[in-house]
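Heads up: the structure comes next, in structure tokens.
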Number of protein chains: 2
Amino acid sequence: MNSSLANTLFALMQNYRVTIREAINAGELGLNAMHVRCLHIIAATTHCTANDIVNQTQRDKAQIARLVKELITLKLIGKDASEHDKRCFILSFTAEGHALYDKLLNAEQHVNEQMCKNLNPQQINDFLDTAQKMIKNMQ
Amino acid sequence: MNSSLANTLFALMQNYRVTIREAINAGELGLNAMHVRCLHIIAATTHCTANDIVNQTQRDKAQIARLVKELITLKLIGKDASEHDKRCFILSFTAEGHALYDKLLNAEQHVNEQMCKNLNPQQINDFLDTAQKMIKNMQ
DNA sequence: CCCATTGGTTGATAAAATCAACTATAGCAA
DNA sequence: TTGCTATAGTTGATTTTATCAACCAATGGG
């Protein structure tokens, strides 16, 4: 069936979204999947700026600006003017942000384990590898 | 990195969404990804009802009702009262619907080919297989 | 110094998803 | 039969997400 790839992608994404939302939203504040992505990027990027998030997520910068604003309102992150470039603000975790991020990693790992149970590392790697190739193919 | 699975899923989905939208929206009417899913389900399901679409997509029935309404407005499908159950309407393609669906399959195949170029059938099967297992794991 | 570019913010709007209430039919059971 | 509950579908209201366009301030090259 021609559409099984599309269907599978949709179903997987839909399930993942719901599961991660339950795992995270459950206890914590009103964070959605995009907030979570932002937090990951901030955690992984040294001197992270809003623009870094835009580039890594490929989303509209307006959307990112608003997500960042929300994260600041939630006191999970803060922004400080960059010394080198006054247009930039460097985003970083607050203490609360760090604490929440740890919980987040935990919840995520839980979901990952659930999602990958009965799959071996080889299968997971192959999966990621193929997905990456598909992504490249579409760019 | 813990989040690479999540990131990959997001990126893949995002790319797919954009690519398929371009491939389809380009020439045709204003169909989005969910319209397309509906058409697929209608095509694949004998005596398809709105409820079949709800079950297969796991979306809110209100959303499906509106998508179906739009497809009817576009004269791509029609609905006829079921003889067995007066609550149900059976959805089916109009002539135009059939014609468009053929074009759609074509466009999709194009996207699929693009997405799967430099992947062999084995890899694609493995990918689908793993994705299906992940979906099951999350239900 | 000028100007095109870049990082970021905001308002407006579109598109997608969700919730709740409601109608009409179905089907079971007392 | 009547009464009750469940199912299929529709609609209105609202929320969430995403996108577009205009804008400001700072940058950096010519």
Side-chain angles (χ1 to χ4, degrees), chain A residues 10-11 13-18 20-22 24-25 29-38 41-42 45 47-74 77-91, chain B residues 10-11 13-22 24-25 29-38 41-42 45 47-74 77-92:
Chain A
F10 272 108
M13 202 54 209
Q14 169 83 345
N15 275 294
Y16 185 77
R17 211 190 288 270
V18 169
I20 200 79
R21 189 192 300 161
E22 282 167 2
I24 291 167
N25 240 8
L29 301 150
L31 296 183
N32 65 27
M34 279 307 296
H35 289 120
V36 172
R37 285 194 81 187
C38 291
I41 291 171
I42 292 169
T45 311
H47 302 311
C48 182
T49 67
N51 206 39
D52 289 328
I53 302 180
V54 170
N55 293 134
Q56 289 189 50
T57 59
Q58 301 270 52
R59 300 294 174 117
D60 191 89
K61 59 182 182 170
Q63 194 188 355
I64 300 301
R66 286 171 180 126
L67 288 166
V68 165
K69 202 200 261 181
E70 285 161 14
L71 291 174
I72 291 175
T73 303
L74 291 171
I77 65 173
K79 68 175 181 182
D80 302 283
S82 166
E83 306 192 346
H84 312 296
D85 185 336
K86 289 182 184 169
R87 291 170 303 179
C88 300
F89 296 97
I90 307 298
L91 306 173
Chain B
F10 272 107
M13 203 54 211
Q14 169 84 347
N15 275 296
Y16 185 77
R17 213 190 287 270
V18 170
T19 306
I20 201 79
R21 190 192 300 160
E22 282 166 3
I24 291 167
N25 241 10
L29 300 150
L31 297 182
N32 65 27
M34 279 306 296
H35 289 119
V36 172
R37 284 195 81 187
C38 290
I41 291 172
I42 292 168
T45 310
H47 302 312
C48 183
T49 67
N51 206 40
D52 289 329
I53 302 180
V54 169
N55 293 134
Q56 290 188 49
T57 59
Q58 302 270 51
R59 302 294 174 117
D60 192 89
K61 60 182 182 167
Q63 192 189 355
I64 300 302
R66 286 174 179 123
L67 288 167
V68 165
K69 203 201 261 181
E70 285 160 16
L71 291 174
I72 291 173
T73 303
L74 291 172
I77 65 174
K79 68 176 181 182
D80 303 283
S82 165
E83 305 192 345
H84 312 297
D85 185 336
K86 288 182 185 170
R87 293 170 304 178
C88 300
F89 296 97
I90 306 298
L91 306 174
S92 60

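Labels below follow one simple rule: chain letters A, B, ... track the order of the sequence lines, proteins then strands, and each chain is numbered from 1.
- Rounded to a whole Å, the CD atom of Glu70(B) is 14 Å from the C1' atom of dT10(D).
- Among residues two or more places apart in sequence or in another chain, the side-chain contact (heavy atoms from CB on, under 4.5 Å) test is passed with Ile41(B) by Thr45(B), Cys48(B), Ile53(B), Gln56(B), Thr57(B).
- Not a single side-chain hydrogen bond (donor to acceptor under 3.5 Å, both in side chains) links Asp60(B) to another residue, sequence neighbours left out.
- Residues Cys88(B) and His35(A) both approach DNA chain D. Their nearest nucleotides, taken by heavy-atom distance, put Cys88(B) toward the 5′ side.
- Val54(B) meets the side-chain contact (heavy atoms from CB on, under 4.5 Å) test with Asn51(B), Lys61(B), Ile64(B); sequence neighbours excluded.
- The distance from atom CD of Gln63(B) to atom CE of Met34(B), rounded to the nearest 0.5 Å, is 5.0 Å.
- Counting only heavy atoms from C-beta outward, the side chains of Thr49(B) and Ile90(B) approach each other to under 4.5 Å.
- Atom CG in Leu67(A) sits about 12 Å away from atom P in dT9(C), given to the nearest Å.
- Among pairs with a residue in residues 78-89 of chain A, those fulfilling salt bridge (charged side-chain N to carboxylate O under 4.0 Å, His left out) read Asp85(A)-Arg87(A), at least two apart in sequence or across chains.
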Please list each protein N or O that sits under 3.5 Å from an N or O in nucleotides 10-15 of chain C, with the distance.
| from | atom 1 | to | atom 2 | distance (Å) |
| --- | --- | --- | --- | --- |
| dT10(C) | OP2 | Lys69(A) | NZ | 3.1 |
| dG11(C) | N7 | Arg66(A) | NH2 | 2.4 |
| dG11(C) | O6 | Arg66(A) | NH1 | 3.3 |
| dG11(C) | O6 | Arg66(A) | NH2 | 3.1 |
| dA12(C) | N6 | Arg66(A) | NH1 | 3.3 |

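- Under 4.0 angstrom from either OP1 or OP2 of dT9(C) there lies at least one side-chain N or O belonging to Lys79(A).
- Taking atom CE of residue Met34(B) and atom C1' of nucleotide dA18(D), one finds them 17 Å apart after rounding to whole Å.
- Taken to the nearest 0.5 Å, the NE2 atom of His84(A) stands 6.5 Å off from the NE2 atom of His47(A).
- Every residue two or more places apart in sequence or in another chain that forms a side-chain contact (heavy atoms from CB on, under 4.5 Å) with Leu71(B) is listed here: Leu31(B), His35(B), Cys38(B), Leu39(B), Leu76(B), Ile77(B).
- Between dT19(D) and Arg59(A), no contact under 4.0 Å exists linking OP1 or OP2 to a side-chain N or O.
- The interatomic distance linking Ile64(A) (CD1) with dT6(C) (C1') rounds to 17 Å, in whole Å.
- Put simply, CD on Gln58(B) is 17 Å from C1' on dA16(C), counting in whole angstrom units.
- Summarising the geometry, atom CG belonging to Asp52(B) is positioned 10.0 Å from atom CD1 belonging to Ile42(B); distances are rounded to the nearest 0.5 Å.
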Quick one: which protein N/O atoms are closer than 3.5 Å to N/O atoms of nucleotides 24-29 of chain C? Pair and distance per line, please.
| from | atom 1 | to | atom 2 | distance (Å) |
| --- | --- | --- | --- | --- |
| dT25(C) | O2 | Arg87(B) | NH1 | 3.4 |
| dA26(C) | OP1 | Lys86(B) | N | 2.8 |

